[in-house]
Number of protein chains: 2
Amino acid sequence: MEALRKYFMSVEDLSAGEMDFLLSHIKTKEIPKGTPLFQEGDLVRSIYFLESGVLHHFNYTPEGEKKTLRLREAPCFCTDLESFSTAKRSEQSCVAMTDCTIHELTKPKYDSLINTSMRWSNFVKTITELSLVKVLEEIKEIANKSVRERYHELAEKRPGLLQVVPLQTIASYLGTSRETLHRIRRTEILQNS
Amino acid sequence: MEALRKYFMSVEDLSAGEMDFLLSHIKTKEIPKGTPLFQEGDLVRSIYFLESGVLHHFNYTPEGEKKTLRLREAPCFCTDLESFSTAKRSEQSCVAMTDCTIHELTKPKYDSLINTSMRWSNFVKTITELSLVKVLEEIKEIANKSVRERYHELAEKRPGLLQVVPLQTIASYLGTSRETLHRIRRTEILQNS
DNA sequence: TTGTTAGTGTGTCATTTGACACATTTTTTG
DNA sequence: CAAAAAATGTGTCAAATGACACACTAACAA
């Protein structure tokens with residue numbers, strides 16, 4: 001619960017009562033490694049807050065190859081927003097790469113929250129904006145960088161991922177082969193010694 | 001004005017009075033090719049709606065190389081959201097690549113709009129969500145694709161850009177050299193004939 | 001119109017990458 | 001613990017790419 005409280009407080013200063021009101025909308029779960037939050041074809045009806053752990057977003061190409069779309073580290077919000085807000089079937093799966101603690105906000109609870117008052121509607125709007133900013137940053141990170149540069153950024157900005165995520169998944173995330181990523185790592189090690 | 005009206009109507013059905021109220025917040029401008037909307041180092045104080053034309057987002061590497069971050073086609077909203085909503089200095093420039101018609105919503109007008117009523121606050125929230133969905137789609141388009149695949153997607157989904165944007169800028173957007181993009185195009189032409 | 005500049009097309013060559021094959025190591029599972 | 005499965009490390013080779021050099025063309029301004 002700590003990360004979530006902290007996140008909400010970073011958005012806006014909340015009284016104890018306000019915080020309790022917010023938290024009354026969510027349900028906390030512990031899920032073991034390998035558990036799917038949602039899968040390709042599902043209607044995603046919840047927004048999740050990842051309290052601890054790592055999540056893996058992926059889908060399959062027509063050729064049946066698994067492609068990593070995103071890797072998410074706690075603390076963060078996670079859902080398929082397109083599916084959640086427009087009730088389309090999701091085109092991706094999201095699976096826990098480690099044991100995770102998540103908080104779930106279901107669609108009915110979400111709707112009830114934003115219709116409570118302008119206060120909460122604007123609170124949610126601010127969180128949506130922050131998420132948008134974060135995604136735009138992610139684009140800036142990806143856009144127009146070589147695989148090598150992107151790997152370095154990853155190692156700098158999200159070192160935790162490298163501990164937990166298999167090399168071949170990182171390779172898929174960076175859009176390269178596991179062999180090439182291996183070569184990049186090898187030259188790293190040589191340079192550092 | 002047409003594209004903007006149409007966009008608002010696609011978000012939600014609005015009465016003539018509501019539409020006029022919304023439009024009373026914006027100011028329309030014609031700007032010639034080459035005009036900057038904002039530049040690296042600016043505080044971005046407006047959200048723009050691109051009625052017609054193409055915009056170029058870019059910045060410079062430490063080595064002084066110009067890097068294309070995004071290419072935007074009308075109709076779309078455009079700003080540096082990070083700068084706009086958190087009052088940081090922008091790390092990118094946005095310049096008109098063609099003559100453009102834009103609608104400007106300044107920060108004071110924006111604030112006044114979202115504080116008018118829950119109705120308009122939620123209207124803006126919906127637009128923010130739609131933008132977020134659009135950016136996430138853009139990520140899916142970029143992530144984990146070869147330059148060749150990304151070029152094809154661009155040619156399919158945004159053929160208008162290829163008419164207007166110089167090859168070398170597209171190359172920069174795709175993260176490759178102009179020579180390589182040229183080779184990709186050349187093999188295209190050979191295959192189609 | 002005529003320079004001037006920006007943009008494109010093309011060839012060469014060193015380097016990087018992907019694909020494949022297989023050895024080795026680590027992790028999982030019965 | 002032992003066997004099986006998953007993941008990683010490594011070599012080879014063909015193909016793709018980047019960097020450079022320079023010719024050619026289009027767009028623009030004096």
Side-chain angles (χ1 to χ4, degrees), chain A residues 31-35 53-54 56 58 60-61 63-68 71 95-99 142-152 154-155 161-193, chain B residues 31-36 53-54 56 58 60-61 63-68 71 93 95-99 142-152 154-155 161-193:
Chain A
I31 59 174
K33 178 174 173 173
T35 310
V54 172
H56 186 197
F58 59 90
Y60 291 90
T61 61
E63 297 80 32
E65 192 192 352
K66 193 177 192 170
K67 287 205 156 191
T68 297
L71 295 168
V95 171
M97 290 212 82
T98 64
D99 296 348
I142 309 180
N144 216 328
K145 299 251 167 87
S146 69
V147 173
R148 183 169 248 107
E149 284 172 312
R150 288 175 58 192
Y151 177 74
H152 286 152
L154 203 61
L161 285 184
L162 301 189
Q163 311 300 319
V164 174
V165 181
L167 176 143
Q168 54 190 330
T169 305
I170 304 254
S172 165
Y173 176 61
L174 297 177
T176 189
S177 66
R178 60 184 192 80
E179 292 92 337
T180 296
L181 182 55
H182 174 70
R183 286 171 191 144
I184 290 172
R185 272 193 173 169
R186 181 166 46 183
T187 63
E188 273 338 276
I189 295 165
L190 290 176
Q191 283 169 7
N192 292 345
S193 63
Chain B
I31 59 174
K33 178 173 173 176
T35 311
V54 172
H56 186 198
F58 59 90
Y60 292 91
T61 60
E63 297 81 32
E65 192 193 352
K66 192 177 190 171
K67 287 205 155 193
T68 297
L71 294 168
S93 301
V95 171
M97 291 212 81
T98 63
D99 296 347
I142 306 179
N144 215 330
K145 299 250 166 88
S146 69
V147 173
R148 182 169 248 106
E149 285 171 313
R150 287 175 60 194
Y151 176 75
H152 287 152
L154 203 61
L161 284 184
L162 302 188
Q163 311 301 319
V164 174
V165 181
L167 176 143
Q168 54 191 329
T169 305
I170 305 256
S172 165
Y173 176 61
L174 297 176
T176 190
S177 67
R178 62 184 192 80
E179 291 94 338
T180 296
L181 182 54
H182 175 69
R183 286 171 193 146
I184 290 172
R185 271 193 173 171
R186 181 164 45 181
T187 63
E188 270 341 274
I189 293 163
L190 289 177
Q191 281 169 9
N192 292 345
S193 63

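Naming convention: chains lettered A, B, ... in sequence-line order (proteins, then strands); numbering from 1 in each chain. On a predicted model such as this, the values are computed, not experimentally measured, just so you know. Reckoned from all heavy atoms, side chains included, excluding hydrogens, waters and symmetry mates.
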Applying side chain to side chain contact (heavy atoms under 4.5 Å, CB included), can you list everything that pairs with A:Lys33, at least two apart in sequence or on another chain?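 A:Lys33 satisfies side chain to side chain contact (heavy atoms under 4.5 Å, CB included) with A:Asp99 once adjacent residues are dropped.
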Length of the line joining [X]:[atom1] and [N]:[atom2], which is rounded to integer Å:
X: B:Ile170; N: C:dG9; atom1: CD1; atom2: P; result: 12 Å
X: A:Gln163; N: C:dT27; atom1: CD; atom2: P; result: 13 Å
X: A:His182; N: C:dG18; atom1: NE2; atom2: P; result: 14 Å

Does A:Phe58 have any ring-ring contact (aromatic ring centres under 6.0 Å, His included) partners at least two apart in sequence or in another chain, and if so, which?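 Residues passing ring-ring contact (aromatic ring centres under 6.0 Å, His included) with A:Phe58: A:His56, A:Tyr60.
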For A:His152, enumerate each residue passing the side chain to side chain donor-acceptor pair (under 3.5 Å) test, keeping only those at least two apart in sequence or located in another chain. A:Glu188
Just to verify, what does A:Thr35 make a side chain to side chain donor-acceptor pair (under 3.5 Å) with, not counting sequence neighbours? none
About how many Å separate [atom2] of [Y] and [atom1] of [X], when rounded to the nearest 0.5 Å?
X: A:Glu149; Y: A:Leu154; atom1: CD; atom2: CG; answer: 13.5 Å
X: A:Arg186; Y: A:Ile184; atom1: CZ; atom2: CD1; answer: 11.5 Å
X: A:Leu71; Y: A:Met97; atom1: CG; atom2: CE; answer: 7.0 Å

Identify every side-chain donor-acceptor pair in residues 168-179 of chain A under 3.5 Å, counting partners at least two apart or on other chains, and give the distances.
from: A:Ser172; atom 1: OG; to: A:Thr68; atom 2: N; distance (Å): 2.9
from: A:Ser172; atom 1: OG; to: A:Thr68; atom 2: OG1; distance (Å): 3.3
from: A:Ser172; atom 1: OG; to: B:Asn144; atom 2: ND2; distance (Å): 3.4
from: A:Tyr173; atom 1: OH; to: A:Arg158; atom 2: NH2; distance (Å): 2.9
from: A:Ser177; atom 1: OG; to: A:Thr180; atom 2: N; distance (Å): 3.2
from: A:Ser177; atom 1: OG; to: A:Thr180; atom 2: OG1; distance (Å): 3.1

Using modelled atom types only, decide if a donor and an acceptor are shared between the side chain of B:Thr98 and the backbone of B:Val54 within a distance under 3.5 Å.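 Indeed, once roles are kept as given, a pair shorter than 3.5 Å links the two residues.
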Quantify the bending of the helix from C:dT1-D:dA30 to C:dG30-D:dC1 as the angle between its end axes, each fitted on five pairs, to 10°.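 That helix has its two terminal axes inclined by roughly 60°.
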Can you list the residues that meet the salt bridge (Lys or Arg N to Asp or Glu O under 4.0 Å) rule with A:Lys145, with sequence neighbours excluded?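 Salt bridge (Lys or Arg N to Asp or Glu O under 4.0 Å) list for A:Lys145, sorted by chain: A:Glu153.
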Nucleotide-resolved protein contact map, nucleotides 15-30 of chain D, B/S/- at heavy-atom distance under 4.0 Å: --BBBBBB--------
Using a cutoff of under 3.5 Å, can you pull out all pairs of nitrogen or oxygen atoms linking the protein to nucleotides 4-7 of chain D, with atom names and distances?
from: D:dA7; atom 1: OP2; to: A:Gln168; atom 2: NE2; distance (Å): 3.3
from: D:dA7; atom 1: O5'; to: A:Gln168; atom 2: NE2; distance (Å): 3.0

